[in-house]
Every structure is written in structure tokens, then in C-alpha cells.
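Let me begin by presenting the structure, written as C-alpha cells, before commenting on it.
The residues of the chain are indexed from 1 along the displayed sequence.
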Amino acid sequence: MNASQFSVLALAIAAIALVLLVAFCLQSFQYRKRTEQTLETLRQQVASVSAQSKDVGHQVEEQQNRSLVQSKHIQQLQDEITGFNNQIREVKLQDPSMRMYQRAAELVKQGASLEEVMESCDIPRAEAELIVTIHKK
């Protein structure tokens, strides 16, 4: 092989190497561009998920605050109901006639007859009939 053929061969190899290098650089550039696009898409998705997470966190916090307020209101209502029930018991215990009618109702629930209710509680027949009618099972 002479020098001119060797030069042409070296030049051809250099040209092929140069073409391969340019192709590799283009491929690398395109890969990097796709990677950057994917990375940007992922960043946007992370930002979106983060914003949604914050919104959900605020909603949960708001629900917890509402639940706390509702629990306080329910407790207040239960306290009032307990107070009312205690007042009703006190009023019933203060009124002797109410104790008589309560006893009559208990006797009816236990299966006492009309006459037994009248005798035990010393109440008129009409009232005893009314209590029996109301409290009979």
C-alpha cells in the first residue's frame, strides 16, 4: 500500500469517525432533551400533588376544628339534658300525687289489677282505669 492510498484510507476512517461522533452527539443531545422534558413533567406533577396534599391537609384540619366545635356543642346539650332530667326528678319527688301515680304505673307494669291499683294508691276508679290503659303492655 502506498502513501497516497494510506492517506485516503486514513481520511476515510477519520470521516467515518467524525460522522459517528456527530451522530453520537445528536443522539446524546436528543436523549438529554427527552430526559429534561421528563424531569420537568415530573416536577410539575410533584408540584401538583404537593398542592393537592396541602389542600387536603387544610380540609382535614378544618374538619377536625368543626368536629371539635360540634363535640363541645353536643357536650353542652348533654349537660343541659342531664340538668333537665335532674330537675324533672326533683319535681316528681316534690309532688306527692306524682309519686302516687308513678307507683300506680309501676303496679300496672307489674301486672296488678284495676282494683289492686285503686286500693294500693288510693285513687278513684276513672284515674286507675286511665293509668291501666296507658301503661298496660
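Applying the salt bridge (charged side-chain N to carboxylate O under 4.0 Å, His left out) test to pairs two or more places apart or on separate chains, those with a residue in residues 66-79 are E62-R66.
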Name the atoms and distances for all side-chain donor-acceptor pairs under 3.5 Å in residues 21-35, with sequence neighbours left out.
{"from": "R32", "atom 1": "NE", "to": "E36", "atom 2": "OE2", "distance (Å)": "3.3"}
{"from": "T35", "atom 1": "OG1", "to": "Y31", "atom 2": "O", "distance (Å)": "2.8"}

Let me have the donor-acceptor pairs involving side chains of residues 113-126, under 3.5 Å, with sequence neighbours excluded, atom names and distances please.
{"from": "S113", "atom 1": "OG", "to": "E116", "atom 2": "N", "distance (Å)": "3.3"}
{"from": "E116", "atom 1": "OE1", "to": "S113", "atom 2": "N", "distance (Å)": "2.8"}
{"from": "S120", "atom 1": "OG", "to": "E116", "atom 2": "O", "distance (Å)": "3.0"}

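Looking at S71, its side chain does come within 3.5 Å of a backbone N or O of S67 through a donor-acceptor pair. Between the side chain of S50 and the backbone N or O of V46 there is no donor-acceptor pair closer than 3.5 Å.
To the nearest 0.5 Å, atom CD of residue Q70 and atom CG of residue N65 are 11.0 Å apart. The CG atom of L42 sits 5.5 Å away from the CD atom of Q45 when rounded to the nearest 0.5 Å. A distance of 10.5 Å separates CD1 of I81 from CD1 of I88, quoted to the nearest 0.5 Å. Considering CD of Q63 and NE2 of H58, their distance stands at 14.5 Å, rounded to 0.5 Å. Going from atom OG of S4 over to atom CG of L11 covers 12.0 Å, rounded to the nearest 0.5 Å. One finds the CZ atom of R103 at 8.0 Å from the CD atom of Q110 (value rounded to the nearest 0.5 Å).
Hydrophobic clustering of Ile, Leu, Val, Met, Phe, Trp and Tyr side chains at less than 4.5 Å, counting indirect connections, unites I13 with F6.
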